[in-house]
Amino acid sequence: MTVTAMEGIRPMATEQLAPPINAWDVAQQQFDLAAEHLHLAPGLRKVLREPKRELTVHFPVKMDSGSVEVFTGYRVQHNLSRGPAKGGIRYHQNVTLDEVKALAMWMTWKCAVVGIPFGGGKGGVIVDPKKLSIREVEGLTRRYATEISIIIGPEKDIPAPDVNTNSQTMAWIMDTYSMHVGYTSPAVVTGKPIPLGGSEGRNEATAQGAVYTLMDAARHLGMELPKCRVAVQGFGNAGAIAAQLMAASGSKIIAVSDSTGAIYRPEGFDPNAVLSWKQEHNSVCGFPGTKDISNEELLELDCDILIPAALENQITARNAGRIQARLIGEAANGPTTPEADEILYKNGKFLIPDILCNAGGVTVSYFEWVQDLDRDFWSIDHVNEKLRAIMTKAFASTLDMSLKEKVNMRTAAYMLAVQRVADATSVRGLYP
Ligand code: NAD
């Protein structure tokens, strides 16, 4: 009895002791693999392997109680060879400089894989915004925007929403920046509310782009979306809208989750009703007719399509072998580690990598920036038609590369993207 109990405990203890996975290590490993396949020159490898700029700011915010708290934030610009930096701002208690560096590097490749003229950037603040009042979040946002204003601007670096930030956050940043420069500058951020120069379709763009790639992948694999059962991890901008769009295309949503847990019903449920439930109860859990399960269980469910749409390092060497979905669409950034990639590929899983799958967000952000600079407004049909064309072309090029080079879809997307950035970097030459 005692031995059995100890044996039961041992693996858990080992897992708990496993060092946390560092997103920057993952990003560099992914880059190294592509650089190796491309036989990239050693000098270029050194340049592309590191970010160009890393800004760390510590800034005070007056809290509702009258006390002053000091917060830490970052803005990283990875590579600017193909255009100004572009990338979201994340508010989360676990933000680290290494995480922001990884996210900035991923943005460089993402912009290149869909062929839009931006480099990669990313920002983050170490904070759990759910513990702050709206007024405190506004104060934090305006002061953080002021601190990073030395490197952002419509021609320099254009932030957008990410985890726990939204169109209101972007409105505050746009207003703060505009107050500093003395004129209204809509093009300094994207993902703004429509009345401030936001674009039709931006709110849904990340999910819409992911669904376009899932449709193309399903066609390639001979899967029929109306017969597919889908599990979605994360129920925010990317995840909830992806669930709604997949349901609209006929798929059955059988599980969704948020940071509080997951819900499951093998017969499927209406994600629109879950969204209303979450708005009322601050959690997807407890939605009538579903069973509460854990986020780990959701990933391993018997389903056809899995959409990770939360945070990094969710599919690792530990659970990759138990993933049952045939098709995985990474709406989140960095949800799969390199070891897990290998296991999934060996097991015949088809994975649409983050830099391709969720590139719809930055693509419509690019449309928003163009509309702001041109003082123009496009219709939703025009936005989605252009988005569809870009996503379909990027998917087809990645699939071709994957089949030609016999590499998985991530390495194929990296090879396309890294080559484009390497070409731009080398043709510009080395200054001075
Ligand atoms: P969000 O804040 O709108 O939603 C995040 C969701 O994930 C929330 O439902 C939250 O409860 C859930 N979550 C947090 N921790 C979790 C955990 N441990 N397990 C399960 N769920 C958890 O953020 P978002 O904008 O939807 O971003 C989600 C992912 O998509 C991130 O990786 C982000 O970088 C990526 N992404 C977002 C955009 C965009 O335009 N918003 C674009 C490209 C990529």
Side-chain angles (χ1 to χ4, degrees), residues 22-38 40-41 43-55 74-90 97-124 148 151-153 155-160 162 190 206 209 312 330 332-334 338 353-366 369 390-391 394 397-398 401 409-428 430-431:
N22 181 310
W24 179 236
D25 290 343
V26 170
Q28 287 195 316
Q29 275 181 53
Q30 292 166 335
F31 165 74
D32 289 341
L33 191 62
E36 205 55 42
H37 279 285
L38 291 169
L40 214 63
L44 260 179
R45 273 190 212 205
K46 284 185 212 159
V47 173
L48 300 184
R49 221 173 170 268
E50 298 294 340
K52 178 183 173 72
R53 289 194 185 104
E54 302 167 18
L55 176 64
Y74 308 100
R75 186 73 192 170
V76 174
Q77 297 172 349
H78 172 253
N79 184 285
L80 309 183
S81 298
R82 300 180 62 260
K86 190 85 192 79
I89 288 173
R90 173 174 294 195
L97 178 56
D98 273 357
E99 180 187 49
V100 180
K101 283 164 66 177
L103 290 161
M105 185 194 248
W106 288 328
M107 286 306 298
T108 302
W109 314 137
K110 194 181 300 183
C111 294
V113 91
V114 286
I116 57 175
F118 287 133
K122 202 80 181 191
I148 64 166
I151 59 168
I152 67 169
E155 305 294 337
K156 298 199 283 186
D157 181 351
I158 305 116
D162 192 75
T190 58
T206 303
E312 300 91 67
E330 292 186 331
N333 284 308
D354 48 7
I355 60 169
L356 170 63
C357 189
N358 70 40
V362 74
T363 302
V364 178
S365 273
Y366 164 61
W369 181 73
I390 288 178
M391 297 305 295
S397 312
T398 306
M401 178 69 92
M409 286 287 282
R410 186 180 323 278
T411 303
Y414 264 72
M415 288 173 71
L416 281 175
V418 171
Q419 188 64 64
R420 288 174 184 164
V421 179
D423 288 347
T425 305
S426 52
V427 79
R428 280 179 65 156
L430 194 58
Y431 176 87

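Residue numbers count from 1 along this sequence.
In terms of heavy atoms, Ala424 sits closest to Arg82 at CB-CG, 3.6 Å. The two residues Pro51 and Val76 make their nearest non-hydrogen contact at CB-CG1, 3.7 Å. In terms of heavy atoms, Ala160 sits closest to Ser365 at CB-OG, 4.2 Å. Taking both residues in full, the closest heavy atoms of Cys111 and Val362 are given as SG-CG2, 3.9 Å, listed atom of the first, atom of the second, then distance. Nearest heavy atom pair, residue Ile355 against residue Ala413, reads CD1-CB, 3.8 Å.
Using a distance-only test at 3.5 Å, with no hydrogens or angles considered, a donor-acceptor pair links the side chain of Arg45 to the main chain of Leu40. Proximity of a side-chain donor or acceptor of Gln77 to a complementary backbone N or O of Ile151 within less than 3.5 Å is detected. Listed for the Arg75 side chain is no donor-acceptor partner under 3.5 Å among the backbone atoms of Gly124. A donor-acceptor distance shorter than 3.5 angstrom exists from the side chain of Gln28 to the backbone of Arg49, with no hydrogens or angles considered. Without hydrogens or angle criteria, Arg420 side chain to Ala112 main chain gives a donor-acceptor distance under 3.5 Å. Remark: the backbone N or O of Thr108 is not paired with any side-chain donor or acceptor of Asn79 at under 3.5 angstrom.
Residues Tyr414 and Phe31 keep their aromatic ring centres 6.0 Å or farther apart.
Using a 4.5 Å cut-off on side-chain heavy atoms (C-beta onward), Glu312 and Glu99 make contact. Two residues are said to be in side-chain contact when any heavy atoms from C-beta on lie closer than 4.5 Å; Asp32 and Glu36 fail this criterion. Two residues are said to be in side-chain contact when any heavy atoms from C-beta on lie closer than 4.5 Å; Leu80 and Arg53 meet this criterion. Within the 4.5 Å cutoff, the side chain of Trp106 has no heavy atoms near those of the Lys101 side chain. Annotation: side chain of Met409 is in contact with side chain of Pro353 (closest heavy-atom distance under 4.5 Å). Between Thr425 and Leu48, the closest side-chain pair of non-hydrogen atoms falls below 4.5 Å. Side-chain contact between Ile158 and Thr190: present, with at least one pair of heavy atoms (C-beta onward) separated by less than 4.5 Å. For the pair Glu330 and Asn358, the minimum side-chain heavy-atom distance is 4.5 Å or more.
Considering CE of Met415 and OG of Ser397, their distance stands at 13.0 Å, rounded to 0.5 Å. Here Phe118 contributes atom CZ and Lys110 contributes atom NZ; the two are 13.0 Å apart, rounded to the nearest 0.5 Å.
Under the salt bridge (Lys or Arg N to Asp or Glu O under 4.0 Å) rule, Lys122 has a single partner from Asp157, Asp162, Asp98, which is Asp162.
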Check your understanding: After noting the C-alpha distance and the side-chain angles of Val421 and Trp109, does the key distance pass the side chain to side chain contact (heavy atoms under 4.5 Å, CB included) rule?
Key -> CA-CA 8 Å; Val421 179; Trp109 314 137; 3.8 Å; yes
Take Gln419 and Asp423 through the test side-chain hydrogen bond (donor to acceptor under 3.5 Å, both in side chains) and record every step on the way to the result. CA-CA 6 Å; Gln419 188 64 64; Asp423 288 347; 2.9 Å; yes
Review point. Does the pair Thr411 and Met401 meet the rule for a side chain to side chain contact (heavy atoms under 4.5 Å, CB included), with working shown?
Key: CA-CA 9 Å; Thr411 303; Met401 178 69 92; over 6 Å; no
